[in-house]
Amino acid sequence: MTELTLVQAVNRGLRVALSSDPDVLILGEDVGVNGGVFRATEGLQKEFGPERVIDTPLSETGIIGTAIGMALYGLKPVAEIQFMDFIYPAFDQIVSELAKMRYRSGGQYPCHVVVRAPYGGGIRGGLYHSQSTEAYFAHTAGLKVVIPSNPADAKGLLLTAIHDEDPVIFLEPKRIYRSLTGEVADGDYRVPFGKANVVVEGTDVSLFAYGAMVPPTVEAAQALLSEGISAEVVDLRTLVPLDEKAILASVEKTGRAVVVHEAARFCGFGGELSAILAEKAFYSLKAPIARVTGYDTPFPYALENSYLPNPARIAHAARAAARTQ
Amino acid sequence: MTELTLVQAVNRGLRVALSSDPDVLILGEDVGVNGGVFRATEGLQKEFGPERVIDTPLSETGIIGTAIGMALYGLKPVAEIQFMDFIYPAFDQIVSELAKMRYRSGGQYPCHVVVRAPYGGGIRGGLYHSQSTEAYFAHTAGLKVVIPSNPADAKGLLLTAIHDEDPVIFLEPKRIYRSLTGEVADGDYRVPFGKANVVVEGTDVSLFAYGAMVPPTVEAAQALLSEGISAEVVDLRTLVPLDEKAILASVEKTGRAVVVHEAARFCGFGGELSAILAEKAFYSLKAPIARVTGYDTPFPYALENSYLPNPARIAHAARAAARTQ
Amino acid sequence: MAKAATSKTGSQGSADSFPEDRIVEIYRTEVLARVMDERCLTLQRQGRIGFYVPLAGQEAAQIGSGYALDPSDWIFPAYRELGLALVRGIRAKSLIDQFIGNSADLTKGRQMPNHYAFREQRFVSASSPIGTQITQAVGAAMAAKKRQDPIVTITFFGDGATSSNDFHAGLNFAGVFAAPTIFFCQNNGWAISLPREKQTLSPTLAGKADAYGLPGVVVDGNDVRAVYRAVREARARAIAGDGPTLIEAQVYRFGPHSTSDDPSRYRPEEAVRKAREHDPVLLLQSELIRNRILTKDSDSKIWEELKAEVARAIEAAENTPAVEPLSFFDDVFAQPTPTLEEQRASFDQLLREGVLRP
Amino acid sequence: MAKAATSKTGSQGSADSFPEDRIVEIYRTEVLARVMDERCLTLQRQGRIGFYVPLAGQEAAQIGSGYALDPSDWIFPAYRELGLALVRGIRAKSLIDQFIGNSADLTKGRQMPNHYAFREQRFVSASSPIGTQITQAVGAAMAAKKRQDPIVTITFFGDGATSSNDFHAGLNFAGVFAAPTIFFCQNNGWAISLPREKQTLSPTLAGKADAYGLPGVVVDGNDVRAVYRAVREARARAIAGDGPTLIEAQVYRFGPHSTSDDPSRYRPEEAVRKAREHDPVLLLQSELIRNRILTKDSDSKIWEELKAEVARAIEAAENTPAVEPLSFFDDVFAQPTPTLEEQRASFDQLLREGVLRP
Ligand SMILES: Cc1ncc(C[n+]2csc(CCOP(=O)(O)OP(=O)(O)O)c2C)c(N)n1
Ligand SMILES: Cc1ncc(C[n+]2csc(CCOP(=O)(O)OP(=O)(O)O)c2C)c(N)n1
Ligand SMILES: [Mg+2]
Ligand SMILES: [Mg+2]
């Protein structure tokens with residue numbers, strides 16, 4: 001066990017994978033000599049060489065297109081997109097090719113690429129270094145979507161991703177890359193996909209969150225406790241596959257749900273969660289389902305703290321739900 | 001008034017716009033000499049010349065990027081993407097640039113481009129000539145998303161789109177391009193954005209649909225009527241802006257909702273509708289909210305009729321909702 | 001520019017000579033492609049298949065390059081590469097199974113006609129979006145190089161695809177990483193209705209290779225030997241570690257873009273007539289007859305034989321059962337997610353309750 | 001290749017001569033850029049602005065091209081074009097307002113520093129995604145041409161951006177439509193940590209113009225006159241209807257990529273020291289002193305004056321009120337949708353109830 005930040009845990013995960021499997025390689029912009037703009041790949045090129053930790057030209061189209069070719073050939077490429085905001089030049093390769101390759105070839109061509117990208121706000125990044133567009137990917141059949149919220153999960157989910165058989169969009173909450181640390185087991189271990197984590201148990205209201213929204217949601221739950229409201233916090237961990245069972249179990253217990261994400265609300269992932277609950281937990285619900293999310297504007301710079309959900313907003317919504325009989 | 005197909009109505013709408021406003025122009029692949037692969041731009045290059053109806057090289061990046069530049073300069077470009085499935089090479093320009101231009105420039109640079117694209121299944125188009133990914137665009141702050149379901153709306157909404165001040169993603173249901181006709185007024189007229197259309201009034205259950213899903217939903221309502229179930233059919237017309245008022249009014253009346261779309265279910269537009277209802281019509285709801293949608297697979301070829309919602313599936317879900325007390 | 005590029009090519013690469021001993025086999029393959037093309041256009045008109053993309057005019061380009069490859073090389077095709085599939089030994093029946101989308105179709109009825117995938121023959125899954133295979137071919141080549149496998153990847157695309165994002169990224173990456181890839185552009189003069197001259201101002205497409213520091217070669221795509229040699233040279237260079245080559249095979253698309261297209265809207269029949277004077281299949285036919293390698297009779301026999309073979313393949317494919325009604329839920333992931341399992345079960349129940357018919 | 005391209009250029013275009021009478025003004029602008037650059041790096045280190053992208057080393061390239069333009073020409077910048085903004089008459093205070101994101105910032109506190117938009121000065125809104133401005137500049141040029149406005153558009157981008165999708169599409173469209181556009185590539189040797197040699201195998205970036213049938217020119221970006229002339233020539237050609245030009249100005253990025261970057265991780269200080277021997281600002285300074293246009297004293301006065309000017313601008317910008325707390329809801333659309341109005345109202349209520357602080 002070592003006390004690590006989230007980005008260090010990612011780095012360790014990559015290192016374990018590179019060490020144990022010669023088919024694993026990393027490619028992206030500035031991932032080699034520079035060690036990644038967030039240092040996620042620090043030291044890896046030195047250790048594993050420029051053939052396995054590849055600095056590419058400035059083209060996300062090229063990064064994902066070539067990663068797909070490598071995967072078809074049998075390697076296990078881990079592609080880094082410098083910021084999630086810059087994934088769009090590769091969107092065609094991701095949604096038209098990567099997501100559909102196994103399906104369209106009748107299962108002949110599995111195509112296992114891990115696409116890592118830091119996502120989310122809170123680092124004064126403005127419109128183009130802050131976005132959370134996980135809903136685009138969650139809506140795309142054929143992609144798995146993973147968002148860890150702490151160092152131990154980051155490493156364990158990343159190792160699961162790298163050894164999975166399907167394409168994985170692995171989104172890293174850059175806001176908490178360094179702002180918190182946690183105990184991380186050494187060596188190889190796996191956190192399974194499709195298993196949510198009940199971070200705080202509670203009985204009055206269920207709060208659903210993932211990635212960088214987990215810490216403020218836990219904080220909100222703690223504040224609520226002092227008011228006598230027992231909130232349960234469920235960290236989804238993987239949006240696809242989704243742990244519907246855990247979600248339904250929580251709401252069957254509490255009867256009230258608040259969905260938290262920093263992405264814009266309209267057509268965001270929260271809509272899907274609400275819809276699942278409104279269909280399958282209908283008879284358990286005692287209050288309207290609330291969403292605490294980013295607003296339906298592009299991501300602002302100076303006022304990013306107003307844009308982002310925080311413990312106060314989350315607690316406010318949870319309180320309203322909990323007080324509804 | 002003239003009896004027209006939907007694609008003819010689009011053609012007439014474009015013609016009216018080109019005739020009445022010299023700033024309007026059309027660009028895209030095969031839109032000129034060939035008149036568009038669906039004939040939506042038939043005859044327009046002949047009438048308005050190759051400077052106003054422009055055949056471009058094969059690059060959606062180039063089509064939308066240059067259209068944005070034209071719009072910044074003050075023109076009103078209408079860009080055609082040959083199939084919605086091929087919009088992704090332009091996704092970066094659409095979500096990073098078009099959607100955010102007004103906002104990021106503090107209102108200095110409005111950027112009014114209309115992006116037309118045929119969407120949806122039912123023409124034996126397989127994975128890449130069938131998709132409905134309206135949710136990607138509806139989730140992107142700064143874009144309006146319009147989907148007509150009949151010839152009269154197609155023309156009237158298109159003219160509203162071309163004279164709007166914001167970027168509009170205008171999705172045309174190719175499956176019903178020619179399969180139905182309707183009376184279409186001559187000349188210029190506008191169907192406003194943000195006003196849903198109650199196509200069938202009813203009291204027992206609300207069916208929400210748009211685009212090519214409206215006809216099968218109406219058919220389902222008719223079938224239900226013969227069983228004594230009175231279904232209301234609401235055609236949303238524009239997903240952004242959304243006519244929340246009409247949606248809530250309908251469910252407040254019926255207490256039951258079924259959302260229909262052909263896009264994949266997970267994180268689709270239906271999730272947003274469910275979420276709005278689960279939050280704001282919670283106390284009116286008498287039954288779980290059902291979604292009748294495409295499945296969470298890529299779009300198949302041979303079995304597309306199994307994939308697509310049809311009157312039987314819609315009626316089945318509506319019946320279950322209506323029978324719930 | 002193209003000249004410079006061509007000379008660059010000439011100076012390198014140790015190509016083997018054309019396999020004259022296999023010329024009849026090569027010709028047969030071209031004829032088989034032509035016969036299938038004609039039959040498939042008919043099948044589509046009769047509603048027996050839903051769609052078809054013809055290749056007439058591009059047989060020598062495809063078959064010449066196909067013969068220049070090693071069976072271990074990987075092919076990243078577009079949607080028009082039926083001739084190439086035949087070189088790889090893929091049977092007419094397999095192709096028609098795919099056109100129909102029946103239970104023997106290796107793409108399991110999921111893709112439109114012409115969007116094949118034949119893993120065993122290293123013929124990678126084709127998709128509709130233009131150009132996307134180009135970067136993929138580069139990535140596979142980088143992978144092969146990493147594993148020190150002595151193979152190349154080759155990717156096929158059209159003149160229109162040179163405007164795609166993946167063309168730009170693919171050639172650039174291939175250059176920077178010295179990937180053993182061959183970029184084979186079939187310039188058939190048209191991207192649906194857009195003529196080559198309006199696709200780009202560049203005098204040749206091969207000349208675009210310069211922008212990536214790569215050699216580019218123009219070849220007469222109606223000359224099966226010239227195509228063969230160009231690909232052999234490019235392959236030798238790639239295998240030697242000298243990196244990729246862009247080949248522009250100049251051909252002409254005789255037929256419509258696809259069965260959904262009506263070329264009379266944008267090009268005069270006259271242009272097609274002129275191009276047909278250089279019909280690659282007929283050129284080889286008359287050469288073989290002129291050189292007494294074939295007689296008119298033996299040639300006719302070839303055509304008859306292959307027509308009969310195709311007719312049998314069609315019959316067999318049409319008698320193959322349809323795909324299994326629930327199969328469209330498979331292969332989204334290696335293992336279905338709970339969400340997919342639930343959707344499959346609910347669909348199955350709708351079938352069993354008679355709400356839906358398969 | 002670059003040579004051939006350059007000669008193409010030489011043969012066309014009637015460029016006016018460099019405005020020697022404005023050389024001190026030009027120098028002052030370079031100095032102002034340098035002074036601001038240094039101050040802003042400090043402001044960022046002190047936490048008074050959140051981020052900064054320095055331009056040191058690129059002053060002559062930006063200011064030389066800026067002077068070659070007409071005020072009616074449209075500029076499509078990337079994020080490093082502070083020098084260019086100064087040529088357009090944008091005040092230091094306006095730039096610092098944007099860096100702070102205060103209520104006088106024309107981008108209303110929505111964008112990161114350096115992502116300006118100055119409509120009045122035809123300085124179009126910059127974004128972070130690399131290359132996207134390139135196709136936009138082409139579209140605007142097509143629009144100007146359609147309206148028969150005698151202007152050009154010019155777009156600025158880096159060596160890294162030549163690998164972007166928009167570079168490929170933009171140059172190709174500009175060629176096909178003879179758009180009056182100038183593609184101005186500031187090759188500063190680096191795309192963050194990737195050196196120019198690993199960005200592409202092409203011997204020059206200007207040479208990439210060939211792939212689109214366009215002229216390409218390499219200029220010494222430290223020579224303000226050479227830059228001026230290249231842009232004047234390209235402008236004359238564009239205005240004459242002869243279409244676009246790609247200019248590669250060879251410069252060196254002296255500082256970090258941005259304040260988030262640590263260049264010691266990927267390049268030796270030695271390389272920077274050598275490059276600094278060709279510092280464009282110091283080159284012009286010593287020339288002007290050598291030629292007695294300035295004295296050491298009058299030069300020092302210029303630096304002092306401009307430092308004072310920048311100090312005043314910073315003070316004024318820091319005393320400008322913050323953006324209005326609800327303003328981030330504006331300008332999503334021309335008119336807010338009901339959804340946005342509701343969100344704005346609910347946010348306002350959270351503020352008024354004290355749940356949130358502004
Ligand atoms: C990204 C994308 N845009 C548009 C299309 C529609 N489309 C299909 S084929 C085609 C023309 C392709 O021309 P070319 O590359 O020359 O190949 P050819 O069909 O001539 O073999 C177009 C525009 C597409 N399939 N993909
Ligand atoms: C599409 C995209 N990918 C990645 C980035 C991250 N990034 C910011 S600047 C930069 C390098 C740009 O290099 P260059 O074009 O040479 O311009 P320079 O910064 O040297 O002026 C990168 C990779 C980005 N902004 N956009
Ligand atoms: Mg072609
Ligand atoms: Mg650079």
Side-chain angles (χ1 to χ4, degrees), chain B residues 22-23 25 27 51-52 54-75 77 89-90 92-93 95-113 141-144 164-167 193-194 238 240-245 276, chain D residues 74 76 98 105-111 115-120 124-129 131-147 149 153 155 164-166 168-170 172-177 179 181 327-328 330-340 342:
Chain B
D23 284 337
L25 57 77
L27 72 167
E51 315 254 281
R52 295 192 63 205
I54 304 173
D55 277 320
T56 69
L58 206 170
S59 168
E60 288 74 16
T61 303
I63 294 169
I64 303 299
T66 55
I68 290 172
M70 292 171 182
L72 293 173
Y73 202 82
L75 301 185
D92 192 31
Q93 282 289 346
V95 310
S96 304
E97 300 290 319
L98 183 57
K100 299 176 173 53
M101 189 65 78
R102 179 191 290 274
Y103 191 78
R104 81 183 193 209
S105 66
Q108 294 179 86
Y109 284 104
C111 191
H112 168 48
V113 173
L143 300 177
K144 294 183 176 170
D164 199 82
E165 296 174 85
D166 294 305
F193 286 180
T238 63
V240 182
L242 184 66
D243 190 352
E244 226 181 78
K245 255 196 208 152
I276 290 171
Chain D
W74 283 51
F76 288 78
Q98 200 278 326
D105 167 16
L106 291 180
T107 67
K108 299 189 185 169
R110 300 210 184 110
Q111 286 251 54
H115 295 67
Y116 328 107
F118 298 104
R119 188 177 179 94
E120 216 179 288
V124 178
S125 170
S127 70
S128 309
T132 47
Q133 71 276 24
I134 301 175
T135 47
Q136 294 170 12
V138 175
M142 290 168 73
K145 189 175 166 187
K146 177 177 179 290
R147 289 210 176 148
D149 293 342
T153 68
T155 177
S164 72
N165 296 338
D166 286 279
H168 187 55
N172 196 41
F173 274 54
V176 167
F177 298 113
T181 311
S327 65
F328 74 92
D330 301 337
D331 301 318
V332 181
F333 296 108
Q335 304 298 330
T337 58
T339 301
L340 272 164
E342 185 189 310

dist B:L27:CG -> D:F173:CZ (nearest 0.5 Å) comes out at 7.5 Å
Would you mind telling me which of D:S128, D:A144, D:A141 has the largest number of heavy-atom pairs within less than 4.5 Å of chain B?
-> D:A144
Pairwise distance OH(B:Y103) to CD(D:Q111) - rounded to 0.5 angstrom = 10.0 Å
Can you tell me how far OH of B:Y109 sits from OG1 of D:T107, rounded to the nearest 0.5 angstrom?
-> 12.5 Å
How long is the span from the CG atom in B:D166 to the CG atom in D:D331, to the nearest 0.5 Å?
-> 10.0 Å
Structural part of D:A174 lying under 4.5 Å from a heavy atom of chain B = neither
Of all the heavy-atom pairs spanning D:F333 and B:V240, show the shortest one and how long it is.
-> CZ-CG1, 4.1 Å
What pair of heavy atoms forms the shortest contact from B:M70 to D:G139, and how long is it?
-> CG-O, 3.3 Å
Would you mind checking which part of D:F328 comes under 4.5 Å of any heavy atom in chain B, side chain (CB onward), backbone (N, CA, C, O), both or neither?
-> both
Sort D:R110 into side chain, backbone, both or neither according to what part of it lies under 4.5 angstrom from a heavy atom of chain B.
-> side chain
Any side-chain heavy atom of B:L25 within less than 4.5 Å of one from D:K146?
-> yes
D:A334 versus chain B, the contacting section by heavy-atom distance below 4.5 Å | both
Can you tell which part of B:S96 gets under 4.5 Å to a heavy atom of chain D, answering side chain, backbone, both or neither?
-> side chain
For D:V332 against B:G142, the heavy-atom pair lying closest together | CG1-N, 3.7 Å
Most contact-rich option vs chain B, by heavy-atom pairs under 4.5 angstrom, among D:A140, D:G170, D:A169, is D:A140
Flag side-chain contact, heavy atom, 4.5 Å: B:R104 against D:S127 = yes
Heavy-atom check, side chain of D:D166 versus side chain of B:Q93, under 4.5 Å | yes
Please state whether the side chain, the backbone, both or neither of D:N172 comes within less than 4.5 Å of a heavy atom of chain B.
-> side chain
So which of D:D330, D:I134, D:D105, D:T339 has the largest heavy-atom pair count under 4.5 angstrom toward chain B?
-> D:D330
For chain B, find which of D:T337, D:V138, D:V124 contributes the most heavy-atom pairs closer than 4.5 angstrom.
-> D:V124
Top residue by heavy-atom pair count (under 4.5 Å) with chain D, among B:T61, B:I68, B:T56?
-> B:T61
Does the side chain of B:Y73 come within less than 4.5 Å of D:T153's, by heavy atoms?
-> no
Could you have a look at B:E244, B:R52, B:K144, B:K100 and say which one has the most heavy-atom pairs with chain D under 4.5 angstrom?
-> B:K144
Where on D:V176 is there a heavy atom nearer than 4.5 Å to chain B: the side chain, the backbone, both, or neither?
-> side chain
Answer yes or no: is there a donor N or O on one side and an acceptor on the other, between the side chain of B:E97 and the main chain of D:T132, under 3.5 Å?
-> no
Flag side-chain contact, heavy atom, 4.5 Å: B:Q108 against D:S125 | no
Could you point out which residue of B:L98, B:I64, B:L72, B:T66 forms a side-chain contact (heavy atoms from CB on, under 4.5 Å) with D:Q136?
-> B:L72
What part of B:P89 is in contact with chain D, defined as an atom under 4.5 angstrom from a non-hydrogen atom: side chain, backbone, both or neither?
-> neither
